[in-house]
Number of protein chains: 2
Amino acid sequence: MSGRMGELLDHLGPLLGRAHEAHRVLTVAALQGTGLSPKSFGALVVLEAEGPLSQGRLAARQGIDRTTMVAVVDELERAGAVRRRRDERDRRAYALELTDEGRALLERARGAVEDAERRFLEPLPAADRRALKRALRTLVERAGDPQTARA
Amino acid sequence: MSGRMGELLDHLGPLLGRAHEAHRVLTVAALQGTGLSPKSFGALVVLEAEGPLSQGRLAARQGIDRTTMVAVVDELERAGAVRRRRDERDRRAYALELTDEGRALLERARGAVEDAERRFLEPLPAADRRALKRALRTLVERAGDPQTARA
DNA sequence: TATTGTTATACTCTATAACTATA
DNA sequence: TATAGTTATAGAGTATAACAATA
């Protein structure tokens with residue numbers, strides 16, 4: 001991840017790819033002390049916001065396969081951050097929930113991640129930072145929209 | 001690559017990741033008819049802009065390993081788009097150059113890719129599209145800068 | 001019959017190590 | 001000794017197929 005890019009920076013693909021990768025490196029470093037990966041951090045974020053969730057639904061939220069989520073939850077459970085409770089209304093599924101320890105871990109991690117994001121965005125004026133996130137949000141929401149997808 | 005994201009869209013990582021992935025899907029589809037991958041397309045772009053280049057330098061431009069570039073150039077050579085000439089000033093290295101056929105292929109591919117980019121950015125007003133690319137360029141350039149990297 | 005979580009397996013992508021030919 | 005290109009190999013990451021338990 002380095003080197004001049006010249007004409008490649010005229011294309012959106014390399015721009016998004018390099019930006020994502022550079023940001024990912026900072027995030028992974030920021031999460032270092034927590035023992036969390038970006039993926040397991042994301043799982044905690046979703047679980048806190050949306051309460052008890054099945055493993056499959058949690059996976060869908062992250063855009064990953066449910067078989068991939070197994071190892072993520074294994075890791076979070078070993079860390080004591082998540083509990084695999086049975087969903088009493090559908091005993092095939094779990095009702096995954098954050099433990100108090102998980103909530104505390106999430107707060108520490110979120111601080112570190114937001115700090116990394118701040119450092120990453122530092123070269124931009126505040127207005128541009130907000131505009132960037134707003135633009136990306138618009139694009140991501142429309143891209144997932146079937147209305148737009150067939151275009 | 002679908003589903004509501006809710007609170008994950010507050011974080012820059014998922015935003016960049018989803019945007020990159022959605023754009024990549026469009027690009028791959030756009031390149032369908034050309035037989036090019038995003039990576040080999042990028043190689044053609046660089047070769048056209050920077051003239052004859054060694055395989056290792058071409059790889060460095062793309063931020064990939066030189067061993068990964070071997071297969072990319074194999075593919076481009078098979079397609080008749082690139083010629084592996086020996087560099088007469090250093091006979092270990094190649095002086096890779098576009099063929100006329102490669103130039104024509106690149107023009108077709110660039111049209112398709114730019115079309116895909118246009119469709120992807122469609123949800124944004126023109127001013128926001130320019131602002132987005134400008135912001136990403138700034139971030140990517142600073143992120144590669146050792147001055148910023150140690151921060 | 002269909003679905004949840006699980007495992008085993010395969011596939012894709014990419015880098016590391018070791019080789020050759022040149023320098 | 002060091003570097004350019006190549007190959008074989010290994011590793012990370014993820015998905016597909018098949019299974020047990022439950023619906």
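Chain letters run A, B, ... following the sequence lines, proteins first and then strands; every chain starts at 1. No hydrogens, no waters, no symmetry mates; every other heavy atom, side chains included, goes into these values.
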Inset, instruction - Report yes if some heavy atom in the side chain of B:Arg85 is under 4.5 Å from a heavy atom in the side chain of B:Tyr94; otherwise report no. - result: no

Inset, instruction - Report yes if some heavy atom in the side chain of B:Leu47 is under 4.5 Å from a heavy atom in the side chain of B:Glu97; otherwise report no. - result: no

Inset, instruction - Write down the distance between CD (B:Glu21) and P (D:dT14), rounded to a whole number of angstrom. - result: 11 Å

Inset, instruction - Mind checking which stems touch DNA chain D? I mean at least 3 consecutive Watson-Crick or G-U pairs, both distances under 3.5 Å. - result: C:1-23 with D:1-23

Inset, instruction - Quickly work out the A:Glu75 CD to D:dT14 P distance and round it to whole Å. - result: 12 Å

Inset, instruction - Verify the contact: side-chain N or O of B:Thr67 to OP1 or OP2 of C:dA15, cut-off strictly under 4.0 Å; return yes or no. - result: no

Inset, instruction - Would you mind checking if B:Arg84 and B:Asp74 are paired as a salt bridge, meaning a charged N to carboxylate O distance below 4.0 Å? - result: yes

Legend entry - Interatomic distance, B:Gln55 CD vs D:dT6 C1' [rounded to whole Å]: 9 Å

Legend entry - From D:dT7, C:dA18, C:dT4, nucleotide with atom closest to B:Val70 side chain: D:dT7

Legend entry - Salt-bridge present (B:Arg110, B:Glu107; N to O < 4.0 Å): yes

Legend entry - Residues touching DNA chain C, which here means a heavy atom under 4.0 Å, drawn from residues 33-44 of chain B: B:Lys39

Inset, instruction - Calculate the interatomic distance between A:Arg57 atom CZ and C:dT3 atom C1'; express it in whole Å. - result: 14 Å

Legend entry - Sole residue of B:Arg119, B:Glu117, B:Arg18 in side chain to side chain contact (heavy atoms under 4.5 Å, CB included) with B:His23: B:Glu117

Inset, instruction - Let me know the distance between CG of A:Asp65 and C1' of C:dA8, rounded to the nearest Å. - result: 14 Å

Legend entry - Sorted by number, the residues of residues 76-95 of chain A with heavy-atom contact under 4.0 Å to DNA chain C: A:Arg84, A:Arg92, A:Ala93, A:Tyr94

Inset, instruction - Check whether any side-chain heavy atom of A:Lys39 lies under 4.5 Å from a side-chain heavy atom of A:Thr68, and answer yes or no. - result: yes

Inset, instruction - For the residue pair B:Asp115 and B:Arg118, establish whether any side-chain heavy-atom pair is separated by less than 4.5 Å. - result: yes

Legend entry - Heavy atoms from other residues, nucleotides or ligands near CZ of A:Arg57 exceed 12 (cutoff 6.0 Å): no

Inset, instruction - Using whole Å, report how far CG of B:Leu96 lies from P of D:dG5. - result: 7 Å

Legend entry - Value in whole Å for how far the C1' atom of C:dG5 lies from CD1 of A:Ile64: 14 Å

Legend entry - Gap separating the CG atom of B:Leu36 from the CD atom of B:Glu75, nearest 0.5 angstrom: 7.0 Å

Legend entry - Validation row: B:Leu121, B:Arg130 side chains within 4.5 angstrom (heavy atoms): no

Legend entry - Value in whole Å for how far the P atom of D:dG5 lies from CG of B:Leu53: 10 Å

Inset, instruction - Measure the acute angle between the ring planes of B:His20 and A:His20, then classify it against the limits of 30° and 60° as parallel, tilted or perpendicular. - result: tilted

Inset, instruction - For B:Ser54, report the nucleic acid contact type (base, sugar-phosphate, nothing); a contact means any heavy atom under 4.0 Å. - result: sugar-phosphate

Legend entry - B:Thr68 side chain near C:dA15 phosphate (N/O to OP1/OP2, under 4.0 Å): yes

Legend entry - A:Leu136: which of B:Leu9, B:Leu124, B:Leu132 passes side chain to side chain contact (heavy atoms under 4.5 Å, CB included): B:Leu132

